[in-house]
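All residue numbers refer to positions in the sequence shown, counting from 1. What you see is a predicted model, and the numbers here were worked out from it, not measured in a lab.
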Amino acid sequence: MKDGFVKVGVCSPDLRVADPAYNCGKMIEKAVEISGQGAKLLVFPEFCITGYTCGDLFLQEPLLAGALKGLEAFAKGTEQLDTLFVAGLPLVHEGRLYNAAALVFHGTVLGLVPKTHIPSYSEFYEGRHFAGSGAVYEAGCEGMPGNAQHLLPFQSEPVCFGMKQIAVCESMREFAVAVEICEDLWVPAPPSSYHAMAGATVFANTSASDEVTGKAAYRRELVKGQSARTISGYLYADAAGGESTTDLVYGGHNLIAENGTILAESEPFGQSDRITELDVKKLAAERRRITTFPACDSPERLGYKKHVLAFREMGETTLTRTFERTPFVPMAKTHREERCNEILNIQAAGLEKRLRHTGCKSVVIGLSGGLDSTLALLVTVRAFDRIGVGRKGIVSVTMPCFGTTGRTYQNAVRLAENLGTQLREISIEKAVRQHFEDIGHDINIHDVTYENGQARERTQILMNIANQVNGLVIGTGDMSELALGWATYNGDHMSMYGVNCSVPKTLVRYLVRYYADSCDSDALKAALYDVLDTPVSPELLPPKDGEIAQKTEDIVGPYELHDFYLYYALRFGFMPSKIYRMAVYAFKGVYDEHVIYKWLYTFYHRFFRQQFKRSCIPDGPKVGSVALSPRGDLRMPSDASDALWKADLERIDPGTA
């Protein structure tokens, strides 16, 4: 459970209708198997102890008594397992029959949760036999019915009976479990919504949802939507093929979702067991970040019974879930065109508005032949096309100097020409030499002055050309560079509108590749592919044998690593040690743990020291959930200490382990 990763499972064991002894034996087998894999929470289907399709047998005393004996047998049979179990059964409480779910932990039934909403829209469903909990929701959790006490024949102490129950891990409060049952999810205000406001982060749904055409897709969307709305983990355990097929068929469609994402799913009528890990600290981080999520009140004040879960083992959870190496990049290939167009349209729309507002019909772009300036040019072309202004209003300026290679120069020329923009070539070598002479800098010393002198000369030229043509300078720098401070202050750091300011390097590459794959011009396609194949470089140092000598990723580290770090550091505020652990899993076979650690340390070192550059960046459009704008997305002091972050990293340094 280290770092908030909790292994959880859902399963639909083999059963016989109306045979609790057989069913509980099979449940114990599954409990032993899945608990043995490290699961701390396992959810069984609705009425799993008796079977859902017992019909009028639910009114028979032998079945009701058998269900209680089955629950007792299950509790005793799982006493040595370090797992919270949720299992369904029929239960008589104060003379009425309820559809209930039992919370079983270390051999004890902690609580019994009744189903709130009893379906009665068909003769096949439960309204014929079962009472609802009588909930009448009002604003807030206070509208839910209170809890009662129920005495089980095999336990000496009364058990809590009611909807308002939460089981909370003693040593990791972010792991807080509440229960709802099948139809409760289908209603306008599910009980889980109220449980979330009382602090529950994980929901267990014991269900028996029959299969009809199209229902699986609808069920999946319900689970995804509720987990997103409540920022929770949602476990949905469904009845399977052991149920009666007299009139309906059950497929065991089991799902585990986390904040709107399906982590694990069984296809109906297939193998139904599913196990994965929820990241409950991630859920807690999201709730902190999203200010519209209601402040979670004390469960006790809201009338909730809080069960404390003292797990025997709290070690490191073996991870089976995956982490995308490029979290900023859309992974669904089937929606590639839609997602890429959406991002490009956001960028173009931002520039379009700025052009309309200022009345400018001209822009100036420093075109290097690299990835960032290429994307900025593609976005600018789209903006000009949207407002119906000729592309000749785009002034593409290439400014060769000491580090420019023939490859990047030719690509800049090809891009400008094939996209129909103006092209101006201005060599800055003479001006930079004069500047170095003026300030007394030896041109043979290739230090930061040598590099930044070129970058600032280029920016000066762009700004002055913009004045000439009554236009705006379009910034080309991306979010990854801003995060690392890999920009020359008042050089490429500055512009009049930065279209790439919230686009990380991995996404820049993805967007340019998409454009190359989909464009009609063979000449433009060839130029774009060559840009993609060119090493990322500011080209501020002289080439070696005509090739780029200064490769950015050799200096600051691989951008795919830095983008991974940036996403989880800013999106969720994770501990550096947790990000390191996730990166080791994600990049296994690509980078070893020492390389991952080295560049993670570099990331935090540079990120904290370069905030002063981000504090005064130009306007630009936000395209995703992470951005660095000092006006809204990252309000960070420029002189904040990184001691806490580095101390956490030093604690797990693989070089000293």
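Here CZ of Phe105 is found 7.5 Å from CG of Leu110. Values are rounded to the nearest 0.5 Å. A distance of 6.5 Å separates CG of Leu600 from CD1 of Ile579, quoted to the nearest 0.5 Å. Taken from CZ in Arg219 to CG in Leu255, the straight-line distance is 7.5 Å, to the nearest 0.5 Å. Separation of atoms CZ (Phe130) and CZ (Arg96) is listed at 12.5 Å; rounding is to 0.5 Å. Atom CZ of residue Phe58 and atom CZ of residue Phe47 lie 4.5 Å apart, to the nearest 0.5 angstrom.
With a 4.5 Å cut-off on side-chain heavy atoms, Phe564 and Glu324 do not count as touching. With contacts defined as side-chain heavy-atom distances shorter than 4.5 Å, the pair Lys76/Phe154 does not qualify. For the pair Ile256/Ile275, no side-chain contact is recorded, criterion being any heavy-atom separation below 4.5 Å from C-beta on. A heavy-atom distance below 4.5 Å is not found between the side chains of Met27 and Pro20. No side-chain heavy atom of Ile652 sits under 4.5 Å from any side-chain heavy atom of Arg581. Taking 4.5 Å as the limit, every side-chain heavy atom of Val179 sits out of range of all side-chain heavy atoms of Val43. Using a 4.5 Å heavy-atom threshold, the side chains of Lys30 and Phe85 count as separate. Using a 4.5 Å heavy-atom threshold, the side chains of Phe572 and Lys281 count as separate.
Side-chain atoms of Ser244 and Thr53 form no donor-acceptor pair, as typed in the model, at a separation below 3.5 Å.
Formation of a donor-acceptor pair under 3.5 Å by the Asp563 side chain with backbone atoms of Glu560 is not found in this model. Using modelled atom types, no side-chain atom of Asp273 and backbone atom of Cys11 make a donor-acceptor pair closer than 3.5 Å. For Asp82 (side chain) and Phe311 (main-chain N/O), no donor-acceptor pair under 3.5 Å exists by modelled atom type. Remark: the backbone N or O of Glu174 is paired with a side-chain donor or acceptor of Thr201 at under 3.5 angstrom. The closest donor-acceptor contact from the side chain of Asn254 to the backbone of Ser272 lies under 3.5 Å. Not a single donor-acceptor pair under 3.5 Å links the side chain of Asp184 to the backbone N or O of Pro191. A donor-acceptor pair is defined here as one N or O able to donate and one able to accept, closer than 3.5 Å; no such pair exists between the side chain of Arg571 and the backbone of Ser625. Listed for the Ser12 side chain is a donor-acceptor partner under 3.5 Å among the backbone atoms of Asp238. The closest donor-acceptor contact from the side chain of Thr317 to the backbone of Phe5 lies under 3.5 Å. Not a single donor-acceptor pair under 3.5 Å links the side chain of Asp3 to the backbone N or O of Lys578.
Test Glu277, Glu316, Glu313 against Lys7 for salt bridge (Lys or Arg N to Asp or Glu O under 4.0 Å) and you get one pass: Glu277. Screening Glu211, Glu265, Lys215 against His253 for a side chain to side chain donor-acceptor pair (under 3.5 Å) leaves a single residue, Glu265.
No more than 12 heavy atoms of other residues, nucleotides or ligands shown are found within 6.0 angstrom of OH on Tyr218. Taking a 6.0 Å sphere around CZ of Arg339, one finds it holds 12 or fewer heavy atoms contributed by other residues, nucleotides or ligands. Crowding of Lys622 atom NZ: a count of heavy atoms from other residues, nucleotides or ligands under 6.0 Å exceeding 12. Atom CZ of Arg173 sits in a sparse spot, with 12 or fewer heavy atoms from other residues, nucleotides or ligands closer than 6.0 Å.
Among pairs with a residue in residues 15-29, those fulfilling side chain to side chain donor-acceptor pair (under 3.5 Å) read Asp14-Tyr22, at least two apart in sequence or across chains.
Qualifying side chain to side chain donor-acceptor pair (under 3.5 Å) partners for Arg325, counting only residues two or more places apart in sequence or in other chains: none. With sequence neighbours left out, the side chain to side chain contact (heavy atoms under 4.5 Å, CB included) criterion links Ala39 to Ile34.
A salt bridge links Asp517 with Arg336: at least one charged nitrogen is closer than 4.0 Å to a carboxylate oxygen. Using a 4.0 Å cut-off between a side-chain N of Lys or Arg and a carboxylate O of Asp or Glu, Lys69 and Glu72 do not qualify as a salt bridge.
Between Leu309 and Ala167, the closest heavy-atom pair is CD1-CB, 3.8 Å. The minimum heavy-atom distance between Ser502 and Ala627, with the atom names listed, is CB-CB, 4.0 Å. For the pair Val159 and Gly111, the tightest heavy-atom approach, listed with the atom from each and the gap, is CG1-CA, 3.3 Å.
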Show your working on side-chain contact (heavy atoms from CB on, under 4.5 Å) between Val249 and Val212 and close with a plain yes or no. CA-CA 8 Å; Val249 173; Val212 294; over 6 Å; no
Walk me through it: do Glu46 and Ser209 pass the test side-chain hydrogen bond (donor to acceptor under 3.5 Å, both in side chains)? CA-CA 9 Å; Glu46 189 174 12; Ser209 181; over 6 Å; no
Test side-chain hydrogen bond (donor to acceptor under 3.5 Å, both in side chains) on Tyr194 and Glu180 and set out the steps. CA-CA 11 Å; Tyr194 297 88; Glu180 63 186 7; over 6 Å; no
Are Phe44 and Phe74 close enough, and set up right, to give a ring pair (Phe, Tyr, Trp, His ring centres under 6.0 Å), and what steps lead you there? CA-CA 12 Å; Phe44 292 98; Phe74 179 76; 5.6 Å; yes
Would you sort out whether Thr326 and Tyr510 count as a side-chain contact (heavy atoms from CB on, under 4.5 Å), showing the intermediate values? CA-CA 10 Å; Thr326 53; Tyr510 185 84; over 6 Å; no
Does the side-chain contact (heavy atoms from CB on, under 4.5 Å) test come out yes or no for Phe175 and Leu278, once each step is laid out? CA-CA 9 Å; Phe175 182 35; Leu278 295 176; 5.8 Å; no
Worked check of side-chain contact (heavy atoms from CB on, under 4.5 Å) between Ser232 and His195: CA-CA 10 Å; Ser232 66; His195 299 332; over 6 Å; no
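Below 30°, between 30° and 60°, or above 60°: for His150 and His93 the angle between ring planes is between 30° and 60°, a tilted geometry.
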